[in-house]
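Worksheet for the structure shown next.
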Amino acid sequence: MLQNNGGNNLAISGNGPFTFPAIADGAEYSITVSTSPSVPSQTCTIKNSASTVAGANVTGVDVTCVTPPPRFAYVADFDDASIAIYTVNANTGQLR
């Protein structure tokens, strides 16, 4: 969910262009992420999120959402009825 100037909620469901309701020429805009996707959990950032409308549609705003790598791996050991917990190295995938 994106917001412009603290309001004007706009749900984004996937890749592609998005359009907020008309903003007057000369008006300022400030686009923020109000809610990031949760399934899968993602972190979203916005590039070129704030400026002033200058006589044309604003086209340089980019939203990027990434799924963070897993932090933990859980392994069941049926022989002794235990669960081992490993941390996952985000760069290599190695378990520790």
Side-chain angles (χ1 to χ4, degrees):
M1 180 75 67
L2 301 179
Q3 285 187 334
N4 181 34
N5 295 329
N8 295 326
N9 289 346
L10 180 66
I12 303 295
S13 61
N15 292 333
F18 57 90
T19 304
F20 277 100
I23 303 168
D25 188 28
E28 293 182 357
Y29 65 90
S30 178
I31 300 171
T32 58
V33 176
S34 66
T35 307
S36 291
S38 59
V39 179
S41 178
Q42 295 183 322
T43 301
C44 300
T45 57
I46 303 177
K47 180 177 142 190
N48 302 321
S49 63
S51 191
T52 302
V53 177
N57 290 340
V58 175
T59 59
V61 178
D62 291 318
V63 179
T64 303
C65 297
V66 295
T67 303
R71 294 178 47 196
F72 302 100
Y74 302 89
V75 180
D77 184 339
F78 292 103
D79 292 334
D80 68 1
S82 67
I83 297 176
I85 302 172
Y86 298 92
T87 58
V88 179
N89 182 308
N91 296 321
T92 66
Q94 182 179 12
L95 301 178
R96 288 185 260 173

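All of these numbers come straight from a predicted model, not from anything done at the bench.
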Test side chain to side chain contact (heavy atoms under 4.5 Å, CB included) on L95 and V88 and set out the steps.
-> CA-CA 5 Å; L95 301 178; V88 179; 3.6 Å; yes
Stepwise side chain to side chain contact (heavy atoms under 4.5 Å, CB included) check, S36 with T43 | CA-CA 6 Å; S36 291; T43 301; 5.6 Å; no
What's the verdict on side chain to side chain contact (heavy atoms under 4.5 Å, CB included) for V63 and I12, showing C-alpha distance, side-chain angles and the deciding distance?
-> CA-CA 10 Å; V63 179; I12 303 295; over 6 Å; no
Evaluate the criterion side chain to side chain contact (heavy atoms under 4.5 Å, CB included) for residue pair F20 and V58; output intermediate values, then yes/no.
-> CA-CA 10 Å; F20 277 100; V58 175; over 6 Å; no
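F18 is not connected to M1 by any chain of hydrophobic side-chain contacts under 4.5 Å among Ile, Leu, Val, Met, Phe, Trp and Tyr, and they are in different clusters. There is a path of hydrophobic side-chain contacts, each under 4.5 Å, that joins I83 to F72.
Side chains of T59 and N57: a donor-acceptor N/O pair is absent below 3.5 angstrom, by distance only.
Side-chain atoms of N8 never come within 3.5 Å of backbone atoms of Q3 as a donor-acceptor pair (strictly under, hydrogens ignored). Side-chain atoms of N48 do not come within 3.5 Å of backbone N or O of D62 as any donor-acceptor pair.
Annotation: D77, atom CG; neighbour count of heavy atoms from other residues, nucleotides and ligands within 6.0 Å is above 12.
Here the straight-line distance linking atom CD of E28 with atom OG of S30 works out to 9.0 Å at 0.5 Å rounding. Note that OG1 of T35 and CG of N9 are 7.5 Å apart. Values are rounded to the nearest 0.5 Å. Rounding to the nearest 0.5 angstrom, the gap separating the CG atom in N4 from the OG atom in S34 is 11.5 Å. With rounding to the nearest 0.5 angstrom, the CD1 atom of I85 is 15.5 Å from the CZ atom of R96.
Nearest heavy atom pair, residue Q42 against residue C65, reads OE1-CB, 3.6 Å. For V53 against I23, the heavy-atom pair with the smallest separation is CG2-CG2, 3.8 Å. Of all non-hydrogen atoms in T67 and P40, the two that sit nearest each other are OG1-CG, 4.0 Å.
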